[in-house]
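Whatever order the structure lists ligands and atoms in, that order sets their numbers, starting from 1. These values consider heavy atoms only, across backbone and side chains, with no hydrogens, waters or symmetry-generated copies.
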Amino acid sequence: MEDLKSQVDTENLPRHIAIIMDGNGRWAKQHGKPRVFGHQSGVKSVRETTEAAAELGVEYLTLYAFSTENWNRPKFEVNALMALLVETIRKEVKTLNKNNIRLAAIGDLGRLPEKSQKALKKAIEDTAGNTRMTLVLALNYSAKWEIMNAVKSLASQVESGNLTSEAIDEEVFSNALATRGMPDPELLIRTSGETRISNFLLWQIAYSELYFTPTFWPDFRKDSLYTAILDYQNRERRFGKTSEQVAK
Ligand code: IPE
Ligand code: IPE
Ligand code: MG
């Protein structure tokens, strides 16, 4: 039990793990508390997961923190989430620097409240020199928004004569996405028992291994991450080939 971590094969780690952190509200309800208490409790899981991933040697950890669709929640909850974001980002910069972790963000960031944008920008700048792992927060993110944005940007480059339509290949398209420069996630985790993608990283997860766990996000700990990685490491990634071709 205690040595789940030592069972992880560090030679076969996902370079990039993406997580849909879900179940805060149901966790709170289960504990007879308001939903916001669930979000607050989820911060500890973010901390633990980030630390565990960095310790193992994962290069990128992307956390889905707020979707474009989440604006449709009650105003009180949206405000509480934004306030929690600012508070957490400010508090965690020290630890990120201590652990040599760089912060990045993907999403329609210009539409976040001014305060959130400022806190985010500062934390990104203050951790820009860190090299052990990149922690990517998906904020006001939706994969359809990201893809539309990429299409618009490529179309305008074609219009202005800086790009030909023939030159658009997978690499060019990937570089027009918010995740440019990052490897695609080999492993996508969703907590809380839901088995859907909810508009997260559609292009990038084309060949990701999907891992669903009933654990609510506030209960997710280092061992939960090791368990997910061990599951991933027991899979055979075939990429269209036969098992015989892959198992050499
Ligand atoms: C995930 O937990 C956090 C965010 C989407 C911001 P939820 O708030 O979706 O929790 P449930 O799904 O209602 O339990
Ligand atoms: C997905 O969770 C978004 C985040 C984790 C930030 P939701 O709880 O919003 O997704 P749905 O509404 O159940 O699909
Ligand atoms: Mg949810």
Stepwise salt bridge (charged side-chain N to carboxylate O under 4.0 Å, His left out) test for Glu48 and Lys222: CA-CA 6 Å; Glu48 287 231 355; Lys222 287 188 175 185; 5.8 Å; no
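- Heavy atoms of Phe66 found under 4.0 angstrom from ligand 2 belong exclusively to the backbone.
- Counting only protein N, O or S atoms, the number found under 2.8 Å from the Mg ion (ligand 3) is 1.
- Of the protein's non-hydrogen atoms, the one nearest atom 14 (O) of ligand 2 is Ser198 OG, 2.6 Å.
- Within the 4.0 Å heavy-atom shell around ligand 1 one does not find Glu194.
- For the pair Leu112 and Leu120, the minimum side-chain heavy-atom distance is below 4.5 Å.
- Among the atoms of Tyr64, none of the N or O lies under 3.5 angstrom from an N or O of ligand 2.
- For the pair His39 and ligand 1, a heavy-atom separation below 4.0 Å is found.
- Inspection of the Thr131 and Asn100 side chains reveals an N or O donor paired with an N or O acceptor under 3.5 Å.
- Of the protein's non-hydrogen atoms, Gly25 N, 2.9 Å is the one closest to atom 10 (O) of ligand 1.
- Residue contacts with ligand 1 leave out Ser192, since none of its heavy atoms falls under 4.0 Å from the ligand.
- Sorted by first then second residue, the ring pair (Phe, Tyr, Trp, His ring centres under 6.0 Å) pairs that include residues 5-49, not counting sequence neighbours, are His16-Tyr60, Trp27-His31, Trp27-Phe37.
- Between Tyr207 and Phe239, the ring planes lie tilted relative to each other; the angle falls in the 30° to 60° range.
- On a distance-only criterion, Ser67 and ligand 2 share no N/O pair closer than 3.5 Å.
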Criterion salt bridge (charged side-chain N to carboxylate O under 4.0 Å, His left out) on Glu186 and Arg237, from CA distance to verdict: CA-CA 10 Å; Glu186 293 91 340; Arg237 306 193 74 204; 5.4 Å; no
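- Scanning all protein heavy atoms for the shortest distance to atom 2 (O) of ligand 1 gives Asn24 N, 3.1 Å.
- The protein reaches atom 8 (O) of ligand 2 closely, with a heavy atom under 4.0 angstrom from it.
- A salt bridge links Glu125 with Lys121: the distance from a Lys NZ or Arg NE/NH1/NH2 to an Asp or Glu carboxylate oxygen falls below 4.0 Å.
- Looking only at heavy atoms of the protein, atom 1 (C) of ligand 1 is closest to Met21 O, 3.0 Å.
- The ligand atoms of ligand 2 that sit less than 4.0 angstrom from a heavy atom of Arg73 are 7 (P), 8 (O), 9 (O).
- Within the listing of ligand 2, atoms 11 (P), 13 (O), 14 (O) sit less than 4.0 angstrom from a heavy atom of Arg196.
- Ring geometry for Phe220 against Trp217 counts as parallel: the plane angle stays under 30°, on a 0 to 90° scale with 60° as the upper cut.
- In this structure a side-chain-to-backbone donor-acceptor pair under 3.5 Å is present from Asn130 to Ile101.
- Contact annotation for Arg26 and ligand 2: no heavy atom of the residue comes within less than 4.0 Å of the ligand.
- With hydrogens and angles disregarded, a donor-acceptor distance shorter than 3.5 Å links the side chain of Gln233 to the backbone of Asp9.
- When only non-hydrogen protein atoms are considered, atom 6 (C) of ligand 1 lies nearest to Ala65 O, 3.4 Å.
- Side-chain contact, Trp71 with Asn140: a donor N or O sits under 3.5 Å from an acceptor N or O.
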